[in-house]
Amino acid sequence: MNGTIGEVADPKLLSEIRAFGRFDTDACFTCGTCALACELARDALLLPRRAIRLVQLGLRESVRGSLDPWLCHYCGDCSERCPRQAEPGESLMTLRKYLSAQYDWTGLTALFYRSRAWRLAALGIVASVVAALGLWFHWRILKGDVDISTFFVLGRSHSVGLIQRYDTWLVAALAALVASNVARLVFFAIRDVRGEGISMRAWGRSLGVFLWHFFTQSWIKDCGKAHLGRWIKHLLLVSGFVVMFVLVVFFLPWFQTDAILPWTHPQRLLGYYATAVLTVVSIDILLGRRRKREEAHRFSEFGDRLFPVLILLTALTGLVTHVARYLDWPLTTCATFAVHLMVSVAMLAVEVPFGKLAHEAYRPVAIMLYEVREEARRRQAAVPG
Amino acid sequence: MSPDGMPVGAVLVVGGGIGGMQAALDLAAAGIKVHLVEHGPAIGGGMAQLDKTFPTNDCAMCTLAPRLVEVSRNPDIELHTLADVERLEGEPGDFRATVKLRPRYVDLARCTGCGACMQVCAMGKVKPSPDPKRVQPIPDEFNGGLSFRPAIHIPFPQAIPNAAVIDAAHCLHFKSGSCVICQKHCKALAVDFGQKESREDLAVGAVVVAPGFDLFDPRLKPEYGYGALPNVVSSLELERLLSASGPTRGHLARPSDGRAPGRIAFIQCVGSRDNQRDYCSSICCMAATKEALLAKQHVGGDLACDIFAMDLRAYGKGFEEYAARAEASGVRYVRCRPAGVAEAPGSHDLRVAYLTEDGRKVTGEYDLVVLAAGLAPPRAARSLAATFGLLLDRNGFSPGRDTAPVDTPRDGVFVAGAFTAPRDIPETVMQAGAAVSRSLELLADARHTLTAKVAAPPETDVRGQAPRIGVFVCHCGSNIAGVVDVAAVADHARALPGVEHAEHLLYTCSTDSQQKIRDAIREHGLNRVVVAACTPRTHEPLFRSTIREGGLNPYLFEMANIRDQDAWVHAGDPPRATAKAEDLVRAAVAKAGLLEPLVRRSVPISREVLVIGGGLSGMTAALSLANQGFETHLVEREPALGGNLSWLRFLIDAHEDPRTHFDRLAAEVRGHPRVTVYAGARIGAITGSVGNFETTLVSFGSPARIRHGAIIVATGAQEERPAEYRYGANPSVLTQRELEQRLAGGASPPASVVMIQCVGSRDARHPYCSRICCGQAIKNALRIKSASPGTAVTILYRDVRAYGLREAAYTEARRRGVVFARYDPGRKPEVLEGSRNDPLLVRFFEPVVRRQVALEAGWVVLAPAIVPRPGAAELARLLKVPLDVNGFFLEAHMKLRPVDFAADGIFLCGMAHGPKTVDESSAQALAAAARVAGLLATDSLSLEACVSEVIEANCDGCAYCVEVCPYKALTLLEYASDGAVKKTIEVNETLCKGCGTCQATCPKKGISVRGFRLEQLSAMVEAMLPGGARG
């Protein structure tokens, strides 16, 4: 007998993970077809086989520290080839939800993934708070005898200033939350990376890796030629998001104005681009999920549909607000803007740290850690003797 | 029943494969008329297409061909080919079957199987064309479509009936009405385009349904490229590519360019073990192993063979050792299921991605990929089920019950073979025998009522005639002719003194060749026949009856073994092999000249049976024999009947209760007027021989002596006491058997149970697989999950050998949350003392995640090796029968004679033969009973003619021979003659095996073996020595 006894299996792990979605290991007989079907799988990354096996065996610590689920971009090839229809791709999807819940110290992710009611309630509460804040402010302003004719305008300093202030707080809070969760991801996963002689330079380089994958998610295109379309859609969606995010967070006074600008103005062009991309891609996603034709979407359920619905609503309410403003319908502008704020803030506040959108942070971090580890492994292998 | 209450003494056997043939032969031997109905144009089934058989690499056709001939020449077996049963009416003992006969367009009575029609058929000359609108050649089904055949054809050279058949779907006559070229060329006037479909009613007392299997069509798994990529072939196609009678004449060539492959990948489980087909095809792991070994023989030892299998299922007798041999000779087993096959760009080489044992993903390049297309139920399964009232499972198989493996819902109708579940040849043979026994139980009173009386032409008296010897040299396909110049050997023989006629034949054992031999006897007035071919061990009886039918005494026959002793061992040196063949033929001819007619005496026999072992198998065999009318003596060493059945509590099929079966069997055995049970008794001594044994039993009371005609050995096997994993040291470590008893006793399972498989099996001490343990573990795991769904069950295995329909139970176990984890024999799990809550901790290395995993366990359950009973060796000595290296009894032939010993009159069944399950033991027990029923069908037995004979003039009664005789067949006699006491020797002809030890010992030439007299043997030696009697 040498050293540690090994990780003690916990038979309850599987049922805990199943609370987050489908995890059909029943029919699995570890034949390895999934790892052979996966274009991303390679020696150190036997997707999705190894992650699923960890769950089957009940190795809680190893599962919690596993990067594999984040490296999967769910092309669905494994599920298509699985001789037992055990849907390994879907199992990894479930595992990503489970892992998100493990990283999130607040426990809200777990709550929202396991309960549709709580998720809706959370969205509702945030939206109500936004609405209440709006009403409260406006009620105050109204009491102060503001000129009604000039009130329902977006670009007024009282509105932009306030929103920008709240905006910054919100983003800072969300960033802090996500950062703390990412820190936990790194902490859980670091066991595998630690002690492999990784230099500071490698860590430095890995920042570039993080940014690259944050913006491009380029592994999707490595899923195989058949999945190139999906990668382009995802890229468009991210670009729309980033444009909108940058405009709203950093350039709000420039973006939210009462000025009527020519349609060639960059402010309008960027806005249209982001809106169009978010609208079209989210509709495409929803239609795809409804048809459930692609392997990856065969098991999409409420939680998976909610996020594109929120994007679509955000984009559409933003568009209506814009149109109303240019038509100079102040009341409509104001009302749709309120709805726009309710939807978008709720989406950001719930989905970024506790939902689907968190993967935008976890995935590139996981890829970064993976590549750092691989680099170290390569270097070790290259050392003679 | 007929009005007089007598059942019909005939049985309908559906399917002419190895199962149907075995059933037909056993039934006919037992005095029952057989109607053998075959869907296709010839009998032989799947085995006819095989090149060799595992695990002995015996030539398949060489073991099958004699059996085909045996069926064809048995007067009590009526063959109906191109036939299907349409309707079955009536009741057990009195069925009426309507058989639809499709036209052959060739008159069976006239066709000689000469093959002239095949040479001239226009369709046989069509070449493949890339233009799909042009007429394409007809793929030859027998060669898996790798070659083409004419529209009129004989399915394969050894086909029975040896007659042509016209494939009307492709025949130009039926397409355009004009072509009659085959009819014109048929000298026998056998072609008859006017034949119509007809129907025939058959009266039978019972039915055996053995339609076999169909193969899965690998096109349904497009990811493997079968049909699209030229170098992806099915395992049957490879079998044909390896066969000397196959499309490439045994030269292994890949389809795209005819090159010999350098790397072959075997992909297992194509069309088995998936969600649509939740069963294991049982035979493919061994078939791939065999093909890999044969391919290496053909191409050379450096041929790389990779077998991709999720589990290596080497569960049968000798399989594990066979796979180990393959591995030692460089065959690589990779435990994964490849997801697809792709062609390397710009060539027809193939790429297969796989996972290595150490968890790397690798892409291998191969010249040839072989898909193990699974066994599927016969395409006609549904209509068979409707016609015969059978139940089909969700896959379309028709399994029997564990306790009644060949019974169906309809009384009097029995199933056998691969139709019940995917199974290999010996198990099919066993099931066929079981169906025979069940039929005979029903029809015992009707034996010999419909069978023919044997009528052979009178024997020509050759005494005083000068030898006129005929020599027939066999090509054995290319087995012999590929090395030996058979024409030269025939020429050589023709010139030898006494030789009247010599020729060489493609297969001497085929029906047309047999006819040629008979014709030659008549035409040339032959009075001795020499066949230079394979071994007399398998073929001598066949040729003896051939010359008997030609009017010669069967002992005027001699064989020269120019295959096993020449072509096979001197394959690298054809000229000298030919010279040796000539030597061997010269010796055989020299002996043949001195042969004399011999007569087989017949002796009265006892029709009582001794069954040794009172477990499931012994009781099953005894009860069936008693029901067939035989007095049966059942001997059990323990004070109570039951053996392993007495502790079994569950079967894998939860609907079956082994207790009920045990109680019923024991009660019926005890209550049967024709069964005498000797419990607590042991065999003291056995004397005598087939037909007339005498056994002394030692029991608590006085010794009993039994006279009997046959013996069934059913002594079983047992769990070995484990010597590892803290067994005995910690009370929570138990065996599967103990677990079963605990569960049956109502013990509630702990929170976690860990099972460890292969404890003492598949290692240096017991190199074999204990076969039953995987099923047992799954069965007990399911029991635990039923009793306590929250209990975590982990099974640590080396390969999950849930063969056949057990795969579904394996799936069910996983579905219910049982975790299966593989361990490597080099890194066995460790059992450690645990905490108060979980008394044990099991630590093992998991190969997928490549990590040490620790499992807390309330119980650790071991699957110990199944070992022979301690008394097996002693019993083998008493019976003079062999044991295999593992101590189990060794049957006469691993494929076709799985219940016989080489010694006559002694049979085996159950775990004495090797580990097996309840249904397998039951089937084998019934099969042993069927063999006994054939042996003891009449009151007398005809004896071997080649036995020792005392030459009174030379014998002085020194009795040297008495001591050395291994069969105790000789006794010293003293008698008074002319006032002096004279001594001589007496030979017991039923005991004598003609081994010749006495002849070799006798200093006075006072005893000799008929057919092997000293002058005959020295003539052989002289003929072989240089300067011997050359022509």
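Convention: sequence-line order gives letters A, B, ...; per-chain numbering from 1.
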- Message: Looking at A:Arg81 and B:Glu223, is there a salt bridge between them, counting it only when a charged N and a carboxylate O are closer than 4.0 Å?
- Response: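 Salt bridge: no.
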[X] versus chain A, heavy atoms under 4.5 Å apart: side chain, backbone, both or neither?
| X | result |
| --- | --- |
| B:Gln268 | neither |
| B:Val819 | side chain |
| B:Glu846 | side chain |
| B:Arg816 | neither |
| B:Tyr810 | side chain |

- Query: Are any non-hydrogen side-chain atoms of B:Gln276 and A:Gln85 less than 4.5 angstrom apart?
  - Reply: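 B:Gln276 vs A:Gln85: side chains touch.
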- Message: Using heavy-atom distances under 4.5 Å, tell me whether A:Cys28 contacts chain B through its side chain, its backbone, both, or neither.
- Response: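 It is the backbone, since no side chain atom gets that close.
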- Task: Heavy-atom distances under 4.5 Å only: say whether A:Leu54 touches chain B with side chain, backbone, both or neither.
- Result: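 The answer is both parts of A:Leu54.
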Looking only at heavy atoms and a cut-off of under 4.5 Å, which of [options] has the most pairs with chain A?
| options | answer |
| --- | --- |
| B:Val853, B:Leu855, B:Leu841 | B:Val853 |
| B:Gly790, B:Ala353, B:Ser752 | B:Ala353 |
| B:Tyr354, B:Phe845, B:Phe844 | B:Tyr354 |
| B:Glu807, B:Arg277, B:Arg335, B:Glu812 | B:Glu807 |

- Sorted by number, residues from residues 9-19 of chain A in contact with chain B (heavy atoms, under 4.5 Å):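 Within residues 9-19 of chain A, the residues under 4.5 Å from chain B are A:Ala9, A:Pro11.
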- Report the C-alpha distance between A:Ser62 and B:Arg851 in whole Å, list the side-chain angles of each, state the deciding distance to 0.1 Å, and finish with yes or no for side chain to side chain donor-acceptor pair (under 3.5 Å). CA-CA 10 Å; A:Ser62 296; B:Arg851 239 163 263 214; 2.7 Å; yes
Distance from [X] atom [atom1] to [Y] atom [atom2], nearest 0.5 Å?
| X | Y | atom1 | atom2 | value |
| --- | --- | --- | --- | --- |
| A:Leu36 | B:Arg337 | CG | CZ | 11.0 Å |
| B:Lys361 | A:Cys38 | NZ | SG | 6.0 Å |
| B:Met310 | A:Thr33 | CE | OG1 | 7.0 Å |
| A:Leu59 | B:Gln852 | CG | CD | 11.5 Å |

- Message: I need the minimum non-hydrogen distance between A:Ala27 and B:Asn275, along with the two atoms involved.
- Response: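 The answer is CB-OD1, 4.5 Å.
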- Message: If you compare all heavy atoms of B:Leu355 against all heavy atoms of A:Ala35, which two are closest, and at what distance to 0.1 Å?
- Response: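 Shortest heavy-atom separation between B:Leu355 and A:Ala35 comes out as CD1-CB, 4.0 Å.
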- Item | Choice from A:Arg49, A:Arg53, A:Arg50, A:Arg84 maximising heavy atom contacts with chain B below 4.5 Å |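 Among the listed options, the one with the most contacts to chain B is A:Arg84.
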